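The structure appears right after this line, and notes come after that.
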Amino acid sequence: MNNSRRKFIKISALGIGGAAVTASSYNLFGANSYMEELGQENTIDILKTTPTYCEVCFWKCAAWTHTNQKGEIKKIIGNDNDPHCYGRLCPRGTGGVGMYDDEDRLKTPLIRKTVNGEETFVEATWDEAFTLIAAKMKGIKDNYGAESMALLKHGSPGSHFEHLFKAFGSETIGEPAYAQCRGPRETGFGLTFGSWVGSPEPTDIRDTKCLVLIGAHIGENMHNSQVQEMSAAIDNGATIITVDPRLSTAASKSTHWLAIKPATDIALLLSWMHVIIKEELYDKAYVKKYGLGFEELKKHVQQFSPEWAYGITTIKPAEIRETARKMAKAAPSVIIHPGRHVTWYGDDSQRARAVAMLNGLLGAWGRRGGFYFKEKIKVPTYPHPKFPHPKWSWKEIGEKYPMAQMGITNELVKASIPSNNPKYPIKAWLVAGTNLPNTIPNKKEVIEAMDALEFMVVVDTMPMEITGYADVVLPECTYLERYDGIRSATNREPSIALRMPAVKPKYNTKPAWWIAKNIAEKLGLGDYFNYDDFEEVIAWQLEKMGTSLEEMQKIGVKNFPRKSGSMYMDEDKTHEFGTSSGKIEFYSQELKDLGFDPIPVYTAHEEPAPGYYRLNYGRSPMHTFSRTANNPNLSDLKSENDLWVNPKVARIMELRSGQEVWLENQEGIVSSFPIKVRVTERIRWDSVYMVHGFGHNNKKLSRAFGKGASDTELITKVNIDPLMGGTGMRGNFVKIITENPKIS
Ligand code: SF4
């Protein structure tokens with residue numbers, strides 16, 4: 001960062017002087033005592049219950065926050081009527097109170113200033129912060145157009161800022177949940193079935209007879225209702241087939257664990273289709289009625305025998321055949337799970353398409369035990385003036401990716417670097433709830449972009465690394481202290497859930513709706529936020545939906561009857577798919593016309609050089625991305641990640657469990673912090689594995705700083721998906737260094 005316009009500031013110096021909270025709440029809710037307390041009958045306190053939905057991850061389980069008469073949060077438990085959680089929160093959801101208790105939270109607005117020749121943060125009033133933000137936003141609009149102001153967001157707060165940006169005249173908006181996570185599967189399933197998978201995924205796991213997890217980790221990613229349904233499916237005798245280079249928790253519960261060579265999934269998927277078609281195990285009536293391009297697919301997969309796939313995937317032909325037959329036997333009550341984080345090798349939309357096509361061959365879409373037809377209820381829009389029409393937006397920035405349907409964060413980053421001569425230049429960012437240096441690969445480029453910006457605002461609850469690059473830092477209160485939009489998600493039956501404050505915001509923190517509204521008012525856009533309190537908006541919306549705030553405060557979750565008909569296909573009628581042909585497209589003319597493969601093909605990916613291992617990363621049930629690493633309850637349960645190393649490699653390198661090592665990637669980037677080795681047969685010899693989200697380098701995260709290693713830091717090679725712009729991040733390799741590189 002020499003000669004940098006914007007110097008990284010570790011939030012400290014003159015800033016963030018708010019009084020540290022006493023340790024009592026931490027001790028009280030420290031994970032072990034907290035968990036014990038959950039099991040005890042509380043006979044002393046009379047607890048008040050307030051509805052919320054969990055913000056620790058995106059599953060948004062509805063819950064009750066229990067507070068005592070002193071207004072202290074005692075526990076959070078699941079809402080029995082919620083289809084996202086069936087009354088049970090996962091370990092990290094029950095630890096959500098740690099977000100509220102964390103004494104490292106951002107406490108008051110901060111503005112970057114130069115004091116005695118040094119850049120630092122100084123505390124500011126909200127009004128000072130809003131005045132500065134509005135002046136800078138107006139300046140960007142006058143000089144370049146409102147479109148040059150970009151919003152990068154994640155989670156519930158994002159919708160309030162999206163509203164602000166649209167009122168301001170900018171739709172230059174992106175979120176890592178698309179290009180760094182599930183975008184490719186939406187493209188692959190959209191091209192095949194004409195429908196996005198969405199969240200929660202419409203997988204009918206509770207009634208399935210065969211669940212195939214190919215790079216999906218139900219359990220470690222804690223998709224709550226899916227975990228519970230998978231457990232029920234296992235009890236009911238369902239076959240579970242897990243394809244993973246690592247013996248994940250799901251793999252350990254499976255009938256078959258296929259320890260595939262990384263980067264070869266498409267070969268396996270093509271081979272499965274080969275077996276199913278060759279042995280005529282596919283759903284003939286369904287494929288005849290709904291399939292388009294089956295003959296082309298049949299011809300295409302003819303060559304991809306299990307023997308061919310064995311040489312690529314290392315999975316034995318007999319096992320490929322046996323698992324294909326088991327899927328077909330269970331069909332149509334079979335699910336080849338679409339996965340979630342699927343940005344791996346750059347051909348990810350095609351990989352997702354192969355998953356979708358296999359489901360299509362087996363007749364799983366619209367069938368019990370396969371994929372049900374989801375339904376949600378629309379939350380009415382609170383009246384506001386019409387948004388202005390921007391001259392350009394995320395669409396133009398991502399125009400070279402014809403299938404992109406949301407802003408591509410990495411393209412927004414590139415458009416923020418002047419030396420790229422962007423056609424649609426971005427000059428300023430507002431970042432809400434996403435720690436971009438730990439989220440978007442190629443950290444160097446993210447930092448270069450931030451450095452070039454004329455202005456940057458970060459809204460967060462915690463002093464994540466990104467706050468150090470901001471001009472203004474705005475402290476948001478946690479989900480337990482605020483109203484947010486009504487949760488309405490697709491499911492078997494439509495449901496809504498209410499989030500309301502259980503306690504007052506701690507410190508000088510505020511909810512996102514209030515921050516967005518106040519910035520709008522400073523910009524003269526107050527008409528777009530025509531209410532005093534967001535509670536009014538929710539009350540108005542609930543009335544329109546046939547309920548009321550009073551009712552929702554009592555029940556938390558309301559389930560509505562379906563209006564779109566049965567969850568499953570009516571076999572006597574003909575279903576119309578959402579593709580342009582109205583059919584399941586095994587062959588895509590649309591892709592062909594755009595110059596892409598109309599049916600997925602397997603392409604070999606780069607191999608690691610001698611001495612290097614494939615860097616695989618994943619999730620822990622205790623943590624969500626990098627955002628929970630400092631949570632006092634959750635860091636008690638898991639405070640750092642470790643490096644899974646196969647015993648064969650450990651023997652050659654004389655490594656032992658617990659030993660600290662450093663990692664160096666193919667471009668010579670060395671991990672900032674060491675990571676402890678875990679010698680285990682559960683990982684292939686050609687790969688190492690670590691949980692994502694550790695290795696924080698901001699000292700203000702007192703529990704997370706320096707704990708474990710950051711995978712994102714080592715992901716510098718990115719393979720971009722040519723269809724939708726997603727960042728394939730699994731093509732990175734590391735070697736293991738046993739001596740501290742900072743000393744030698
Ligand atoms: S799955 Fe767990 S962390 Fe995610 S929303 Fe549900 S309870 Fe919260």
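The shown structure was predicted, so the numbers you read here are calculated from the model rather than taken from an experiment. Order of listing sets the numbers, starting from 1, for every ligand and every atom in it.
A cation-pi contact, defined as under 6.0 Å to the ring centre and within 45° of the axis, links Arg351 to Trp344. Cation-pi check for Lys707 over Phe673 is not met; the charged atom does not lie both under 6.0 angstrom from the ring centroid and within 45 degrees of its normal.
Inspection of the Ser702 and Asp104 side chains reveals an N or O donor paired with an N or O acceptor under 3.5 Å.
In this structure, Asn79 contributes its side chain and Ala62 its backbone to no donor-acceptor pair below 3.5 Å.
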What do the steps show when you test Glu201 against Arg340 for salt bridge (charged side-chain N to carboxylate O under 4.0 Å, His left out), and what is the final call? CA-CA 9 Å; Glu201 293 82 10; Arg340 187 117 185 165; 3.0 Å; yes

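Residues passing the salt bridge (Lys or Arg N to Asp or Glu O under 4.0 Å) test with Asp711, sequence neighbours excluded: none.
If you look at ligand 1, the protein residues with a non-hydrogen atom under 4.0 Å away are Cys54, Val56, Cys57, Trp59, Lys60, Cys61, Leu89, Cys90, Arg92, Gly93, Met222, Asn224.
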